[in-house]
Amino acid sequence: MAKRRAVITAVGHYVPEKVLTNADLEKMVDTNDEWIQTRTGIRERRILEQGATSDLCVRATQKLLERRKIDATEIELIIVATVTPDMFFPATACIVQEKIGATNAWGYDLSAACSGFLYALVAGAQFIESGAYSKVLVIGADKMSSIVDYTDRNTCILFGDAGAAVLLEPSDNPHEGLLDHRLYCDGSGGAYLHMKGGGSLNPPTHETVDKRMHYIYQDGKSVFKVAVIGMAEVSAEIMKRNNLTADDVAWLVPHQANLRIIDATAERMGIDRSKVMINIDTYGNTTAATIPLCLSEWWERGELKPGQNIVLASFGAGYTWGAALVKWTLDNPKS
Ligand code: COA
């Protein structure tokens, strides 16, 4: 029997209105626009002033449901990838379920930092492929501004807030949808990128707050070196496994952490910059949201077309990293 595949049948995203530019950051820490742009490719990012990660999820999902022309009650499962849940519990997926009125859905959160969306996409696809469910909502969303230390120039320039979602549904065509994936983790990377405070290891106390342990810690240089290799290698691996040449790949959809990491990945794959989705300049690193945010924006602009091979790739805290091959199926809204 042919394998049932998970295909993306709708996309949606939301970015908050407030813009935090490099010029704004120059007034907050000892940095400058030239340094930020040269080292990262970022010009500005968005900040959610009111509300929480679930609100980013809800706004993205509402757009998705409008486009797919279905009611929230049709959704059967909600997976939210995030490292900035509204609260430790209940899961943000439950909060989203209630807010959008998805009364027939169950759901859970998944924590894999910048690889969160990729992990969640693969997890969601398993529920479709097994035949268990037919409408799985996969969301990547992070309110990074809630864990960024705006006195730390090493990290505060990097991150922004956003939410984006895809809907997975089944297809009987084994040659479309999520065709392949490779996911990895290496816990030894935890030392270089983490948030020390707030969990069971260092529950919140006055001391943990005074020591600024509830903010992101990153040893940027160490992470950079591994990220360049990890994302480039796994992207090349997914091409090799599927006998794809650079000409066969219509789009690389990379996690947006640093333009130099993105360029290194494209170079390793032999792919021209014109086939790489890049919006890090306007949003910075929105952690779990970067990949679906690209998909939704590029689809909206009519640049994603059925039949295209697209490679999604990520690297993040954990370390976690991976790549996925998707044969795109969703019609171009402009056709
Ligand atoms: N403005 C100006 N100078 C800054 C600065 C800023 N915002 N942040 C750091 N610097 C300084 C450093 O203090 C250092 O100064 P020193 O040499 O006097 O000590 C110098 O700039 C170089 O810092 P370094 O950390 O070596 O820069 P870099 O080229 O590695 O770039 C990152 C820093 C964070 C942009 C880069 O390392 C990176 O992108 N890392 C990986 C991020 C990532 O992929 N994360 C995983 C997914 S979230």
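Order of listing sets the numbers, starting from 1, for every ligand and every atom in it. Only this structure's heavy atoms are used, side chains among them; waters, hydrogens and symmetry mates stay out.
Atom numbering of ligand 1 starts at 1 in the shown order; those under 4.0 Å from a heavy atom of N285 are 48 (S). Atoms of ligand 1 found under 4.0 Å from any heavy atom of I261, numbered from 1 in the order shown, are 44 (O). Close approach to F224 involves these atoms of ligand 1, each under 4.0 Å from a residue heavy atom: 37 (O), 38 (C), 39 (O), 40 (N), 41 (C). When each atom of ligand 1 is checked for a heavy atom of N258 under 4.0 Å away, the hits are 35 (C), 36 (C), 38 (C), 39 (O). Each of the atoms 47 (C) of ligand 1 lies under 4.0 Å from some heavy atom of F315. Listed by number with element, the atoms of ligand 1 under 4.0 Å from a non-hydrogen atom of N154 are 8 (N), 9 (C). Each of the following atoms of ligand 1 lies closer than 4.0 Å to a heavy atom of T31: 1 (N), 2 (C), 6 (C), 7 (N). Atom numbering of ligand 1 starts at 1 in the shown order; those under 4.0 Å from a heavy atom of R39 are 22 (C), 27 (O), 28 (P), 29 (O).
Donor-acceptor pairing under 3.5 Å is lacking for the side chains of N104 and T73. Between the side chains of N173 and R4, not a single donor N or O lies within less than 3.5 Å of an accepting N or O. Donor-acceptor pairing under 3.5 Å is lacking for the side chains of N202 and T208. The closest side-chain donor-acceptor pair between S130 and Q126, if any, does not fall under 3.5 angstrom.
Where the criterion is an N or O separation shorter than 3.5 Å, residue side chain and backbone included, L193 fails it with respect to ligand 1. Residue N32 places no N or O, backbone or side chain, under 3.5 Å from any N or O of ligand 1. Of the N or O atoms in T40, none lie within a sub-3.5 Å distance of an N or O in ligand 1.
Between atom 15 (O) of ligand 1 and the options R153, E26, M231, the minimum heavy-atom separation is to R153. Considering each of K221, E34, H255, the one bringing a non-hydrogen atom nearest atom 30 (O) of ligand 1 is K221. Nearest residue to atom 43 (C) of ligand 1 from R260, K225, Q218 is Q218 (criterion: closest heavy atom). When D33, V223, T290 are checked for heavy-atom proximity to atom 46 (C) of ligand 1, V223 turns out nearest. Across C114, G41, S222, heavy-atom proximity to atom 48 (S) of ligand 1 is greatest for C114.
Contacts with ligand 1 closer than 4.0 Å are made by side-chain heavy atoms of W35 only, the backbone lying farther away. When non-hydrogen atoms are compared, ligand 1 lies under 4.0 Å from neither the backbone nor the side chain of I36.
Proximity of atom 40 (N) of ligand 1 to the protein is indicated by at least one non-hydrogen atom lying closer than 4.0 angstrom. Distance remark: protein heavy atom present below 4.0 angstrom from atom 2 (C) of ligand 1. Contact annotation for atom 18 (O) of ligand 1: protein absent (non-hydrogen atoms, distance under 4.0 Å).
Cluster partners of I95, using a side-chain heavy-atom cutoff of under 4.5 Å among ILVMFWY residues and allowing indirect links, are M87.
With Y217 as the aromatic partner, K196 meets the cation-pi criteria of under 6.0 angstrom to the ring centre and within 45 degrees of the ring axis.
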Could you go through L179 and R5, starting from their C-alpha distance and side-chain angles, then the distance that decides it, and tell me whether this counts as side-chain contact (heavy atoms from CB on, under 4.5 Å)?
CA-CA 8 Å; L179 298 181; R5 291 285 188 193; 3.9 Å; yes

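Between K99 and D55 there is a salt bridge, since a side-chain N of the basic residue sits under 4.0 Å from a carboxylate O of the acidic one. Classification of E169 and R68 as a salt-bridged pair holds, one side-chain N sitting under 4.0 Å from a carboxylate O. Between E233 and R182 there is no salt bridge, since none of the side-chain N atoms of the basic residue sits less than 4.0 Å from a carboxylate O of the acidic one.
Minimum interatomic distance between V7 and G177 (heavy atoms only, all atoms of both residues): CG1-CA, 3.5 Å.
When atom types are taken as modelled, the side chain of D86 and the backbone of T53 share a donor-acceptor pair closer than 3.5 angstrom.
In this structure, Q37 places its CD atom where more than 12 heavy-atom neighbours from other residues, nucleotides or ligands lie under 6.0 Å away.
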